[in-house]
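All remarks here apply to the structure that follows.
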Amino acid sequence: MTSKQKVAVSRAHHSKPAYSATRDVLIRCGMELLTEQGFSATGLDAVLKRATVPKGSFYYYFESKDAFGAAVMDAYDDYFKRKLDRWLLDEKRAPLDRLADFIADASRGMRKHRFTRGCLVGNLSQELGVLPSEFRERLDSILLGWQARVAHCLRAAQNEGSISAAQDPDQLAEFFWIAWEGAVLRARLVQSERPLITFIAAFLSGLSERANAAPAHRSGFVELSHGTEE
């Protein structure tokens, strides 16, 4: 390898992380803005201002705002699946407690951001009439992936006897996400985690075979329900 070739390889090696970092910053800022105000209300200038990235750099990575939105959705899905796995695969906790732990963590996150941020998938689902047609299938696919994780957790609860064998974990998981999106929307409206607490308490009570079993899965919300909002 000649000296010039070595220099070229070295430059390529050192420039690649910078490119990757710029794209990551754009994606992160996109997630922040889309969870706050949705896709239609988020202009490219707002993304560039928050990311402190020039417009030329944006178009180096994304050919359009639609392509950027799709990449943001994929990144949000990856982030959220990691969050779900962290809580729902915790075998040190009973399966239904894992669901309560996930909601408690989400409640803390919403309170941390003063209820300005919702669910990116929920936000975009409310804008389908003005979004690219391919977004619909992508959003549905994301939700199905989340449902599969909750269904897996509910099957574990069924195996240990916390849920009746007559109940369908897949159907319950679908209901979980339908109700979750509504609870997040209401929490933003009233600026309180109370709708999330109400949602998970009702969901777990409905699953319990014994009426007195549900409170055991609500203890994670005692601190939140009496806490002071940040």
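Nothing fancy with the numbering, it's 1 onward along the sequence.
In this structure, the side chains of Leu172 and Val150 stay at 4.5 Å or more apart for every pair of heavy atoms. Between Leu154 and Pro95, every side-chain heavy-atom pair lies at or beyond the 4.5 Å cut-off. By the 4.5 Å heavy-atom criterion applied to side chains, Lys65 and Val47 are not counted as neighbours. Looking at Tyr79 and Asp74, their side chains never come closer than 4.5 Å, going by heavy atoms from C-beta outward. A heavy-atom distance below 4.5 Å is found between the side chains of Asp105 and Arg86. Contact annotation: the side chain of Val72 never approaches that of Leu33 to less than 4.5 Å [non-hydrogen atoms, C-beta and beyond]. At least one side-chain heavy atom of Phe62 sits under 4.5 Å from a side-chain heavy atom of Arg23. A 4.5 Å side-chain heavy-atom check between Val121 and Trp146 finds at least one atom pair inside the cut-off.
A salt bridge between Asp77 and Arg138 is absent, with no side-chain N of the basic residue lying under 4.0 Å from a carboxylate O of the acidic one. The residues Arg155 and Glu160 are annotated as not salt-bridged, no charged nitrogen and carboxylate oxygen being separated by less than 4.0 angstrom.
The backbone N or O of Val53 lies less than 3.5 Å from no partner atom in the side chain of Ser57, so there is not a single donor-acceptor pair. Side-chain atoms of Thr35 come within 3.5 Å of backbone N or O of Glu32 as a donor-acceptor pair. Judged by distance alone, the side chain of Arg98 and the main-chain N or O of Asp90 form a donor-acceptor pair under 3.5 Å. Within the 3.5 Å criterion, the main-chain N or O of Gln158 finds no donor-acceptor partner in the side chain of Ser162. Between the Asn123 side chain and the Leu34 main chain, a donor and an acceptor come within less than 3.5 Å of each other.
The CD atom of Glu181 lies 10.0 Å from the CD1 atom of Ile178; values are rounded to the nearest 0.5 Å. Interatomic distance, CZ of Arg50 versus OG1 of Thr42, reported as 9.0 Å (0.5 Å rounding). Rounding to the nearest 0.5 Å places CE of Met73 at 7.5 Å from CZ of Phe39. Distance check, rounded to the nearest 0.5 Å: CD1 of Ile197 to OG of Ser192 gives 6.5 Å. How far SG of Cys119 is from CG of Leu124: 9.0 Å, rounded to the nearest 0.5 Å. Put simply, CZ on Arg28 and CE on Met31 are 8.5 Å apart, with the number rounded to the nearest 0.5 Å.
Atom CZ of Arg136 sits in a sparse spot, with 12 or fewer heavy atoms from other residues, nucleotides or ligands closer than 6.0 Å. Counting non-hydrogen atoms of other residues, nucleotides and ligands closer than 6.0 Å to CD of Gln171 gives a total of 12 or fewer. Residue Lys49 places its NZ atom among 12 or fewer non-hydrogen atoms of other residues, nucleotides or ligands, all under 6.0 Å distant. Within a 6.0 Å sphere centred on CD of Glu91, heavy atoms belonging to other residues, nucleotides or ligands number 12 at most. Applying the 6.0 Å contact sphere to CZ of Phe175 captures no more than 12 heavy atoms from other residues, nucleotides or ligands.
Residues Ile142 and Leu144 do not share a hydrophobic cluster, defined by chaining ILVMFWY side chains whose heavy atoms lie under 4.5 Å apart. Following chains of ILVMFWY side-chain contacts shorter than 4.5 Å, one can reach Leu26 starting from Leu44, so the two form part of one hydrophobic cluster. Cluster membership for Leu99 and Leu89, using ILVMFWY side-chain heavy atoms within less than 4.5 angstrom, is not shared. The cluster map of Ile, Leu, Val, Met, Phe, Trp and Tyr, joined by side-chain heavy atoms under 4.5 Å apart, puts Trp177 and Leu185 in different clusters.
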query: Could you walk me through whether Phe102 and Trp180 pass the ring pair (Phe, Tyr, Trp, His ring centres under 6.0 Å) check?
result: CA-CA 12 Å; Phe102 161 68; Trp180 158 263; 5.5 Å; yes

message: Between Met110 and Leu196, does the side chain to side chain contact (heavy atoms under 4.5 Å, CB included) criterion hold? Intermediate values first, please.
response: CA-CA 10 Å; Met110 291 196 73; Leu196 299 179; 3.8 Å; yes

query: Checking side chain to side chain contact (heavy atoms under 4.5 Å, CB included) for the pair Gln147/Asp170: CA distance, chi angles, key distance, verdict?
result: CA-CA 7 Å; Gln147 282 177 205; Asp170 292 310; over 6 Å; no

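When all heavy atoms of Pro54 and Leu48 are compared, the closest pair comes out as O-CD2, 4.1 Å. Nearest heavy-atom pair, Gly118 versus Val184, reported as atom, atom and distance to 0.1 Å: CA-CG1, 3.9 Å. Minimum heavy-atom separation, Ala151 to Ala173: N-CB, 3.6 Å.
Phe199 and Phe203 have tilted rings, their planes meeting at an angle from 30° to 60° on a 0 to 90° scale.
Side-chain contact of Glu36 with Thr116: a donor-acceptor pair under 3.5 Å is absent, judged by distance alone.
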